[in-house]
Novice: 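Take this structure, written in structure tokens, and hold onto it; I'll ask about it next.
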Protein chains: 2
Amino acid sequence: MNQLMPSQLHDARSNGRTLVFSAIRRNAPVARVDIAKITNLSPATVTSITAELLTAGLIEEVAVENSGVAGKRGRPRVDLKIRGAAHIVVGIKLSDNSATYSFLDFEGKKIAGYVHPSAQETYCLPELMTFLTDGYSAALTDAGLEESSISGMGLGLPGVVDAEAGIVLWSPVLIEKNQPLQQKLADTFSIPVFIDNDANLVAVAEKHIGLGKNAQNFVVITVEQGVGLGIVINGKIYRGTKGCGAELGHTKVQLDGALCRCGQRGCLEAYVGDYALLREAGTAMGPLEGANPQEQMQALLAAAKKGNTVAQSIIRRAGRMFSMGLANVVNIFAPELIILSGERLQDSFLYGDEVINDMKKYAVQSGDLMPEVKIHSWDNQMWSIGAATFAIDGIIDIALAKIR
Amino acid sequence: MNQLMPSQLHDARSNGRTLVFSAIRRNAPVARVDIAKITNLSPATVTSITAELLTAGLIEEVAVENSGVAGKRGRPRVDLKIRGAAHIVVGIKLSDNSATYSFLDFEGKKIAGYVHPSAQETYCLPELMTFLTDGYSAALTDAGLEESSISGMGLGLPGVVDAEAGIVLWSPVLIEKNQPLQQKLADTFSIPVFIDNDANLVAVAEKHIGLGKNAQNFVVITVEQGVGLGIVINGKIYRGTKGCGAELGHTKVQLDGALCRCGQRGCLEAYVGDYALLREAGTAMGPLEGANPQEQMQALLAAAKKGNTVAQSIIRRAGRMFSMGLANVVNIFAPELIILSGERLQDSFLYGDEVINDMKKYAVQSGDLMPEVKIHSWDNQMWSIGAATFAIDGIIDIALAKIR
DNA sequence: AATGTTTAATTTGACTAGTAAATTAAAAAC
DNA sequence: GTTTTTAATTTACTAGTCAAATTAAACATT
């Protein structure tokens, strides 16, 4: 009896144009025959849709290389790819000491980057608008781009963001709550603007131009100041109710445990955050060398490497707590892939084999069901690239909707 | 600027018939005009689709009541509902000491129920097939139904099930691993069979005929022998990679914590499961009255109520651990609704206000973002009803696919 | 009782997205 | 130069959907 599953039958049948476009995006360069196979559309449909996309200037044909190769008979395939020149977007990552700007073309290729430093860590809304406007001008000048050439803007910031509504519900960098930042920015710059929690945007980038290209269900974990979690389900970012993302950093790993910056006890962050390790080191090792937390962390890690057992014990526990947090994500989600994404990977104790092995030990899934773990070391513009990729997503939808 | 979100634009556009049918299912009795509003289809389309469904015998018209009511001018609406008589399905829940059978009509109304006890707790595949075949015959006889009148079968069992493939990867009741149970049953009974993890099936039931009718993102937590978790995202059961569901019972709530039946340490189940509490009670209170775990649990709870501080402390800690597990789900998922579903609600310490309040305290989401918590006390046939509802889902898809 | 008003449902005619099958295109192989 | 092979396109048709017009069935007003 050849059965159909209750779900799986009617879904996945998005829109033909979207289907074709994203197939090209993920597999470029790719010929029409293959697009037909990937999307399960007929060659006829692929021809007509790609013709539309070509006239709209969203994709372009590229010369295929294997002409003249023996054994390759038949009409040669014509490869298609996204036309990078179609649009340029800007992605902005707002952190507590700077705003990072990245310009991407429509293919997702980086054109330019710029960091706009800040003296302040928190802003009221007008101050933030000024800061972003100034930074945007500077970034454009630095990149040698005209403001009129930019088609869209993506902004990622820490905190709780309702991406659907474009509202920042709460952010450590913004004093006021519930601010309609998307609208504000769209009005100011007169281009489509998309905002989201920063961890979600890293997940977007991993999905489209990173290690999650071919995965449908995966999670991206970022460790910066906090521990971030981006969830991709069925190829789409999962944002939970009201578009507010997941909070891995404040999941509880110990009842009545260590005090966290959020005021609660036992949060994962209170065990794996820099400040948490330095707090422990301060108790048992006396003051560490170094003028700032970064340098002090280096000192702590160096001490551990040299054989200091107290330092080792501090780091080891943090690693095990991190494993536990990861294992819980695995147990709840059963993702096919976990991407640990960050810029300080080389010196981070959190990404060592020991931590990954512990995670596997703590997860109940057995053997072949255990998710693959990939470690992705981006440069420090990762976050703004994620924001720009998010903007590309939005621009694509607008562009495809325009074709009729 | 009136923007569209990157996603949200092209999805939700399932199949017209599916859309209409499930609108009727969720809102019955409902008139065509309202179906058009709910589904965003035009009245014309609703008319033609409902006509098809009527001739196929899947739905039926019902007399509308408000005829003759003042102020209600215009052509009276004709309500539609699922035609219960269209199909009968059986749902089976397999546990370690019995198999529970429920017969539901196509509307989801229960027709009959039957419990088939068992002497053994684990089976090899042939034994299980015999046990299920015998039980099915007995259940049919008990209900006065012909086997030929049954259109589909749903089976829920504990363990890890690949629902898509119909394979039981691992189950505490089945000795062999990786058994194609769906195929086996379908061959034996010659009707479509659908199998899944039991907690998932409770989520299915909550979605279609329970408290999750109007929610798109929610989780169902069941406490029986183990702690189960069913996840509904965008109105569909989320099963993770390879269709294996979530494991809340074995998320870790304590590093190097209490020993769990699964062999690991610090699992939630090792703190909130019956056996965990009795283990603690045995240590500090001596042997409890009662011939079996159920009775001993009653004795423990009674002792706590009477003021025994040791008993209170045991129960309190279990409650707090449960809160922590729930809070982690909230932090990771941000569901709009949590349904605590079970049969022993009245005497369960896990569903008290104190536990819910602790959960809210541990979850980082603030105020209006906190999910609603509903407690659903089903009768002991809850599980098999879930299985039957799952079968209805499958039968609907098959029936709708047949219309052409 | 006749006519108007209101709301629900249906019919009609048109358009869109998609397909299967036939056809054309462009290369290598013989 | 002809055949074979593979890719892409064209053609003719179907299913699904909708806007607009029409019909249906009630109450309200005179």
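Residue numbers begin at 1 in each chain, while the letters A, B, ... track the order of the sequences.
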Novice: For A/Asn15 and D/dT17, what is the distance between atoms CG and P respectively, to the nearest whole Å?
Specialist: 14 Å
Novice: Separation of B/Leu80 atom CG from C/dA8 atom P, in whole Å?
Specialist: 13 Å
Novice: D/dA8 C1' sits how many Å from A/Asp79 CG, rounded?
Specialist: 13 Å
Novice: Salt-bridge test for B/Asp393 and B/Lys207: reply yes if a basic N is under 4.0 Å from a carboxylate O, no otherwise.
Specialist: no
Novice: Can you tell me how far P of D/dA26 sits from CZ of B/Arg77, to the nearest Å?
Specialist: 15 Å
Novice: Write down the distance between CG (A/Leu19) and P (C/dT19), rounded to a whole number of angstrom.
Specialist: 10 Å
Novice: OP1 or OP2 of D/dA7 sitting under 4.0 Å from any side-chain N/O of A/Arg73?
Specialist: no
Novice: Starting at CG of A/Leu400 and ending at C1' of C/dA17, how long is that distance when rounded to a whole Å?
Specialist: 15 Å
Novice: Tell me whether B/Asp196 contacts the main-chain N or O of B/Gly156 through its side chain, where contact means a donor paired with an acceptor under 3.5 Å.
Specialist: no
Novice: Any salt bridge between B/Arg83 and B/Asp105, counting N to O under 4.0 Å?
Specialist: no
Novice: Between A/Gly74 and A/Ala44, which is nearer to the 5' end of DNA chain C once each is assigned its nearest nucleotide?
Specialist: A/Ala44
Novice: Tell me which nucleotide among C/dT19, D/dA25, C/dA26 gets nearest to the side chain of B/Pro76.
Specialist: D/dA25
Novice: For B/Arg75 and D/dA24, give me the distance from atom CZ to atom C1', rounded to whole Å.
Specialist: 4 Å
Novice: Judged by each residue's nearest nucleotide on DNA chain D, which is more toward the 5′ side, B/Thr45 or A/Lys37?
Specialist: A/Lys37
Novice: Rounded to the nearest angstrom, tell me the gap between atom CD in B/Glu52 and atom C1' in C/dA9.
Specialist: 16 Å
Novice: Are the side chains of A/Ile385 and A/Leu104 in touch, meaning some heavy atoms are under 4.5 Å apart?
Specialist: yes
Novice: Once you apply a heavy-atom cut-off of 4.0 Å, does B/Val78 come out as touching a base, just sugar-phosphate, or nothing?
Specialist: sugar-phosphate
Novice: Less than 4.0 angstrom between a side-chain N/O of A/Arg17 and OP1 or OP2 of C/dA17, yes or no?
Specialist: yes
Novice: With ring centroids as reference points, do B/Tyr238 and A/Tyr238 lie under 6.0 angstrom apart?
Specialist: no
